[in-house]
*Asks:* 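Take this structure first; my questions come after.
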Protein chains: 2
Amino acid sequence: METHQERLDVMSDRMKALDYRMTPQRRAVLKVLAESREHPTVDQIYERVKTDFPMTSLATIYKTVTLLKEIGEVMELNFSGGRSRYDGFNPSPHPHLYCIRCERVTDPEIETFEGVSDELSAKTGYEIVGQRLDFFGVCPRCQGMARA
Amino acid sequence: METHQERLDVMSDRMKALDYRMTPQRRAVLKVLAESREHPTVDQIYERVKTDFPMTSLATIYKTVTLLKEIGEVMELNFSGGRSRYDGFNPSPHPHLYCIRCERVTDPEIETFEGVSDELSAKTGYEIVGQRLDFFGVCPRCQGMARA
DNA sequence: TTATCTGCAAAATGTTTGCATGCAC
DNA sequence: GTGCATGCAAACATTTTGCAGATAA
């Protein structure tokens, strides 16, 4: 498993290699994404970036995240409820565990289903490029609390 | 596997049992949902409902779909790109195959992973209530076409 | 120096809501 | 007859976009 610093360097190097400019704003967004394990929303990224770099605008967060998504350095997760979540620490497909009460997203430690993609490709003729396995439930913390 | 008519009856009976009123608009929405295998968007449901029942408003489609989702008779699928897809023919968890070019959604015939939920529950303490397994790829038809 | 990036504000998109009228029961 | 459902339009939330000025390389 990479450290946050290593992950930051990888993203940073990738952007430079593709001739994108490294601005303080982008640096701040990369840092938040590399350090976050909880799959933050754009708004949460914005709030954290502002503590380090208060001048940043929400539009820039959106533009940076969209760019990173396009070059495959960030994975976008769409759950019900409108706002997307982003994983910049581990942008490759892996299972997620979503709490339907507090909306926290965690990464459970179970194997993925690489073999299934091949089987599916052979059966359907699709060229499979990605997969998503998500589980929905109530986390231990929320089980101990009154229902909304 | 149920027929479309059986599925329509199940949804219809469920609504009546819960004391919801059966209006012509709702009947039309139920019909479209029960007959559709391609996981339509709200807009697509709206267009089809209008051919049978032109007076229906988009807001009513939203309200009906939201109601059906709440009582578990329709499953909502959030993919990247904003608009949600709905499965009223088979609202229980099952894998999906999403074409990233034409955005068509199909149901591949592979087994689900019921056992994994139990394992996950034991490991994490979550009370698992649902799961989603989606594959992303390019469908055979789109492979033969030029990239956008 | 110069093309790219930022920040602002406006626009676009998808969805929800308030309320007067209409209709299922 | 009563209360729930509809339809309209306005409100909302999130994300995207256009553009003038700023700045990384």
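Below, each value reflects all heavy atoms present in this structure, side chains not excepted, and no hydrogens, waters or symmetry copies. Within every chain, numbering begins at 1; the chains are lettered A, B, ... in the order of the sequence lines, protein sequences first and strands thereafter.
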*Asks:* What is the distance, rounded to the nearest whole Å, between atom CE of A:M15 and atom P of D:dA25?
*Replies:* 10 Å

*Asks:* CD1 of A:I61 versus P of D:dT17: gap in Å, rounded?
*Replies:* 17 Å

*Asks:* Whole angstrom is fine here: how far is it from CG in B:L18 over to C1' in C:dC25?
*Replies:* 16 Å

*Asks:* Does B:T56 have a side-chain nitrogen or oxygen under 4.0 Å from the phosphate oxygens OP1 or OP2 of D:dT6?
*Replies:* no

*Asks:* Does a side-chain N-to-carboxylate-O contact under 4.0 Å join B:E127 and A:R101?
*Replies:* no

*Asks:* Which residue lies toward the 5' end of DNA chain D, B:K63 or A:V42, if each is placed at its nearest nucleotide?
*Replies:* B:K63

*Asks:* Measure the distance from OH on B:Y46 to P on C:dT13 and round it to the nearest whole Å.
*Replies:* 17 Å

*Asks:* Under 4.0 angstrom, heavy atoms only, what part of the nucleic acid is B:R83 near: base, sugar-phosphate, or nothing?
*Replies:* sugar-phosphate

*Asks:* Does A:Q25 place a side-chain N or O at less than 4.0 Å from the phosphate oxygens OP1/OP2 of D:dT23?
*Replies:* no

*Asks:* Count the heavy atoms belonging to other residues, nucleotides or ligands that lie under 6.0 Å from CE of B:M22, then report whether that count exceeds 12.
*Replies:* yes

*Asks:* If only side-chain N and O atoms of B:T60 are considered, is one of them under 4.0 Å from the OP1 or OP2 phosphate oxygen of D:dG7?
*Replies:* yes

*Asks:* Specify the separation, in whole Å, of atom CG of B:N78 and atom C1' of C:dT13.
*Replies:* 15 Å

*Asks:* Find the distance A:Y62:OH to C:dT6:C1' and express it as a whole number of Å.
*Replies:* 17 Å

*Asks:* Taking the side chain of A:L58 as heavy atoms from C-beta outward, which of D:dT15, D:dT16, D:dA9 is closest to it?
*Replies:* D:dT15

*Asks:* Measuring from the side chain of B:S84 (C-beta onward, heavy atoms only), which nucleotide among C:dC5, C:dT15, C:dA9 has the closest atom?
*Replies:* C:dT15

*Asks:* Could you tell me whether B:H4 and B:F89 have their ring centroids closer than 6.0 angstrom?
*Replies:* yes

*Asks:* With a cut-off of less than 4.0 Å, is there a side-chain N or O of B:R21 near OP1 or OP2 of C:dC23?
*Replies:* no

*Asks:* Between D:dG3 atom P and B:Y20 atom OH, what is the distance in whole Å?
*Replies:* 18 Å

*Asks:* For the atom pair CZ (B:R26) and CG (B:L33), what is the distance rounded to the nearest 0.5 Å?
*Replies:* 13.0 Å

*Asks:* Can you say whether the rings of B:F136 and B:Y98 are parallel (under 30°), tilted (30 to 60°) or perpendicular (over 60°)?
*Replies:* perpendicular

*Asks:* If the cut-off is 4.0 Å, is A:T23 near the phosphate of C:dT6, judged by side-chain N/O to OP1 or OP2?
*Replies:* yes

*Asks:* In this structure, how many angstroms lie between the C1' atom of D:dT14 and the CD atom of A:E103, rounded?
*Replies:* 14 Å

